[in-house]
Amino acid sequence: MSSLAANGTERSSTTTINSFPVSELIHGKTVLEGGVPAVAGHQVPLASLRASTSSGALSNETEHELRPLAWLLLSECISNKRDEWRAECKVIDDEYWSFVSELLDAEPWWNEQEWVEAGCFDGCRFASTRSESPGPDPETSSDKSSDPTKMTPYQVIRAPPTPEAFLLCEIIKDVLRTHPDLSFYISPPHSPYRLLTLTRVLYVWSRLNGGVKYVQGMNEVIGVVFFVMGHGNQWFKDLGGIDTDADDARTAKLVESLTYKVTTWLLNSMVDIFTPSLDDDSTGVSGRISTITDKVLMHDPILATHLNDLGCEGTFYLMRWITTLLSREFTMPDTVRIWDGMFGSNQRDNYVTYVCVTMILMVREQLLVGDFTKCIEILQNYPPDIDVDEVVRRARALFRFEVMVREVCGGMRCNIREGMQHVGPIDGVIMAFGWSEGVVAGDVGETLKHVKDVLKVGMGEMGKDAGAVAKKVGGNLWGWGAAAMQRANEGMERAAELRKEKDRERMARVTMEKMREEKERGGARRNWAGEVEVEGKGKVEVEGGQ
Amino acid sequence: MRLKVVLLGEGRVGKTSILFRYIRNEFQEKQQSTLQASYMDKRIKVGSVDAQLSVWDTAGQERFHALGPIYYRDADGALLVYDITNSESFTKVRKWVKELRKIVGNDINIVIAGNKIDLERNRQVSEAEVLEYAKSVGASHFYTSAKQNLGLEECFNELATKMVAQNKAKFAGGVAGLGVPKGGKSKLVVVDDTGGGKKSGGGSCC
């Protein structure tokens, strides 16, 4: 994780991503070499902040403290106008705490202090209280306590008097087991209050989104946001106009409301995932799973076929990847690094999709030699030794390559194979359109031979008949390729016609040249959308090694 | 012989803990919630038969219910788990039995586990009710505690024995010839010693 900080210069020279120190972007103080101001005026240049954040600049030792601010800015919870931050934070704070008082504090069965003192937010005490001092006999307690104002917290937990109380209890039970490996959440004396924060944020969001309510997994998402926001106290004191060292409670309140704001931004775009009636919709959970497995099939038909043959369905592992935005697959620092890319991306769904595809491709060698049990084990317990910086880098490379090939194919009206040859390989691509590293190896026949070779190695270990499997996979490759081949043939015919017309040929060459130029610049000016960034004029590439 | 087992039950009753304890002999006080289904397998011996239990541990929360069929559709056995300190979770067991009988039929072997027996003093589910119900649907019932490692071996052994007997019966009945009973669900042979119960269970559901 910290490898980026250590090899920062080396890494940036290979990726050639123009990355400014985030502190300069946010505070607008520093001046670039050559005397050109990096940022001027009162606004944070969001496009540059996006680029820096997604390239991992916040992993740097000296910069990571700015992450809370960067995430707030990139999620547009606060505007890019520095002068307005204080006022904006006040609005967010007031709004959230009025929700809390209206939706939670007003409930007759709720008394914050009483719940905290009873140990409801203390995981260990919670469990032992339940087992060893059950309080009043549960059989009779439900009769006695028909008046919710007189119920003790544990009576409420045992027999929630209202749907709202039930919701809160559901949330508490999961909050107690959210990121149980992090001292941030389990160490006293802060632990109960931090778990209370998670509970409140989840409860308020769920009440305000009654159609979705609370779904397990949301706790993980909020757990990441609060972890990051909770590490930015000094900035928040400033934002809230709070005296340093004084009034920690006020800071904590502001941190909580900002956590809520960022969470809302994240969850609102994920609502379809949590809605059963939209399961088959393209934005619902099954739709998103298919988007990912379709991409794997397109780029790595060998692997996709292998997983398919084993019965290793995408649902078995992608469900959790998607609903928690990968936070259960990685350690907290790695998750945060992946999320930096997500906040920095202006196409969040695409980003998550390509990261998931890349995660699968990065373990393809292990998967190809694995049986069902092995493959499921790898994908449900993603190997911890995979470098997330590599995942992000390769995901971006694949995305860029795919976009460029499509553009060339469109511009030159050629087939994908020709398009790939024109674009040429991009560093970081693992598999693209069925070809390893995106390198077109001769004709389709050669590709098939390659497929068979791979399988001989892979299947040999499993004691299967390599020939039969290769034939099957080959068949599938052709099956997958049938449409592509048809398009390719059509494309070639069309290309032959075009070649007769010199003008058009020149047009094609111009398109191609443009794409080459684009590529030589390392795609530095391209963001996730494949759009050319306008704000990049003052940027310099960090050629650290030279 | 490969036997597919699915763990079903309401959220937070201890399905994952049961599986971790049974397969790896591990227990975590703060087990994270299961969000889809996780897979684990274990080789066991049932009498003279070598069997591989392929166990799917499913997510309990209602939201994930709709995605359940892909896990239990072709299962040979189901372990339905409830929490003895939570009466709601036992109601859920009844729902699961109905759903399984409706979708998978009578071929799926069911064992019911009353988990968290270490919290006996907080019991909310009456023993008489449970036993009567289990009998009525032809299921065995066990008390378990993943925390204290109680009743788990018995529970899985019973389920495995039932599944093996059923698979053997299928071979004897000449169902298909391929060795893998997957998909080839037969309605004809059920070898069991609770025949009466099973019939009444089937009758009320189908």
Side-chain angles (χ1 to χ4, degrees), chain A residues 123-124 126-128 130-135 137-139 142 158-159 166 170 173-174 176-181 185-186 212-220 273-277 279-280 285-286 289 311-313 315-324 328 372-373 375-377 379-381, chain B residues 2 4 10-13 16-17 23 28-43 52-71 73-74 83-88 116-126 145 147-148 180 182-183:
Chain A
C124 298
F126 182 82
S128 63
R130 263 178 40 136
S131 59
E132 276 146 35
S133 51
D137 180 16
E139 293 293 324
S142 53
R158 251 180 245 123
F166 180 77
E170 290 281 286
K173 287 174 195 165
D174 280 345
L176 290 173
R177 46 183 185 158
T178 301
H179 302 287
D181 50 333
Y185 285 120
I186 57 168
V212 188
K213 287 204 179 123
Y214 165 69
V215 174
Q216 290 184 327
M218 291 176 179
N219 57 322
E220 312 281 344
I273 294 176
F274 297 118
T275 311
S277 59
D279 275 352
D280 297 324
V285 72
S286 306
I289 288 172
C312 194
E313 290 181 38
T315 316
F316 296 165
Y317 52 96
L318 290 173
M319 174 99 186
R320 192 173 76 197
W321 291 15
I322 295 171
T323 53
T324 62
R328 276 277 282 271
F372 177 80
T373 305
C375 289
I376 283 288
E377 189 193 311
L379 295 166
Q380 286 195 342
N381 308 282
Chain B
R2 222 186 151 90
K4 182 173 166 183
E10 201 181 43
R12 311 176 187 90
V13 297
T16 306
S17 294
I23 290 183
Q28 282 180 328
E29 190 74 56
K30 291 184 182 176
Q31 185 63 53
Q32 286 175 291
S33 57
T34 306
L35 296 178
Q36 47 197 2
S38 16
Y39 174 87
M40 279 194 236
D41 54 18
K42 178 167 176 144
R43 295 198 165 276
Q52 184 183 12
L53 286 186
S54 305
V55 191
W56 280 102
D57 168 31
T58 63
Q61 205 190 22
E62 189 68 32
R63 161 67 186 100
F64 302 96
H65 195 139
L67 306 152
I70 63 166
Y71 301 107
R73 221 167 20 211
D74 54 354
D83 169 357
I84 62 150
T85 70
N86 174 352
S87 55
E88 197 55 38
K116 307 195 188 175
I117 193 65
D118 51 298
L119 301 180
E120 171 81 53
R121 73 185 70 195
N122 290 348
R123 176 196 277 275
Q124 277 193 4
V125 183
S126 104
S145 164
K147 190 174 183 176
Q148 298 179 354
V180 185
K182 215 176 185 179

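Quick note: numbers below take in every heavy atom, side chains included, and nothing from hydrogens, waters or symmetry partners. Below, chain A is the first sequence line, B the second, and so on; all start at residue 1.
- Only the side chain of Asp279(A) has a heavy atom closer than 4.5 Å to any heavy atom of chain B.
- Residues Ser38(B) and Gln380(A) approach most closely at CA-OE1, 3.2 Å, considering heavy atoms.
- Heavy atoms of other residues, nucleotides or ligands lying less than 6.0 angstrom from NZ of Lys213(A) number 12 at most.
- Looking at every heavy atom in both residues, Gln216(A) comes nearest to Phe64(B) through O-CZ, 3.7 Å.
- Met319(A) approaches Leu35(B) most closely through the heavy-atom pair CG-O, 3.8 Å.
- Side-chain N or O atoms of Gln32(B) include none that pairs as donor or acceptor with a backbone N or O of Pro180(A) at under 3.5 Å.
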### Criterion side chain to side chain donor-acceptor pair (under 3.5 Å) on Asp41(B) and Thr373(A), from CA distance to verdict
CA-CA 8 Å; Asp41(B) 54 18; Thr373(A) 305; 2.7 Å; yes

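- Distance check, rounded to the nearest 0.5 Å: CZ of Arg158(A) to OG of Ser87(B) gives 12.5 Å.
- To the nearest 0.5 Å, atoms CD (Glu377(A)) and CE (Met40(B)) are separated by 10.0 Å.
- Among Thr275(A), Val212(A), Thr323(A), Val285(A), the one residue that satisfies the side chain to side chain contact (heavy atoms under 4.5 Å, CB included) test with Arg63(B) is Val285(A).
- Using a 4.5 Å cut-off between heavy atoms, Ser54(B) does not touch chain A at all.
- Taking all atoms of both residues into account, the shortest heavy-atom contact from Asp174(A) to Arg12(B) is OD2-NH2, 3.0 Å.
- For a residue to count as touching a neighbouring chain, one of its non-hydrogen atoms must lie under 4.5 Å from one of that chain's; by this rule Leu318(A) touches chain B with the backbone only.
- Using a 4.5 Å cut-off on side-chain heavy atoms (C-beta onward), Arg320(A) and Thr34(B) make no contact.
- The side-chain heavy atoms of Val215(A) and Gln61(B), taken from C-beta on, include a pair separated by under 4.5 Å.
- Checking Lys30(B), Gln28(B), Glu29(B) one by one against Arg177(A), the side chain to side chain contact (heavy atoms under 4.5 Å, CB included) holds for a single residue, Lys30(B).
- Smallest separation of non-hydrogen atoms from Ile376(A) and Trp56(B): CD1-CH2, 4.2 Å.
- Using bins of under 30°, 30° to 60° and over 60° for the plane-to-plane angle, the ring pair Phe372(A)/Tyr39(B) lands in the perpendicular bin.
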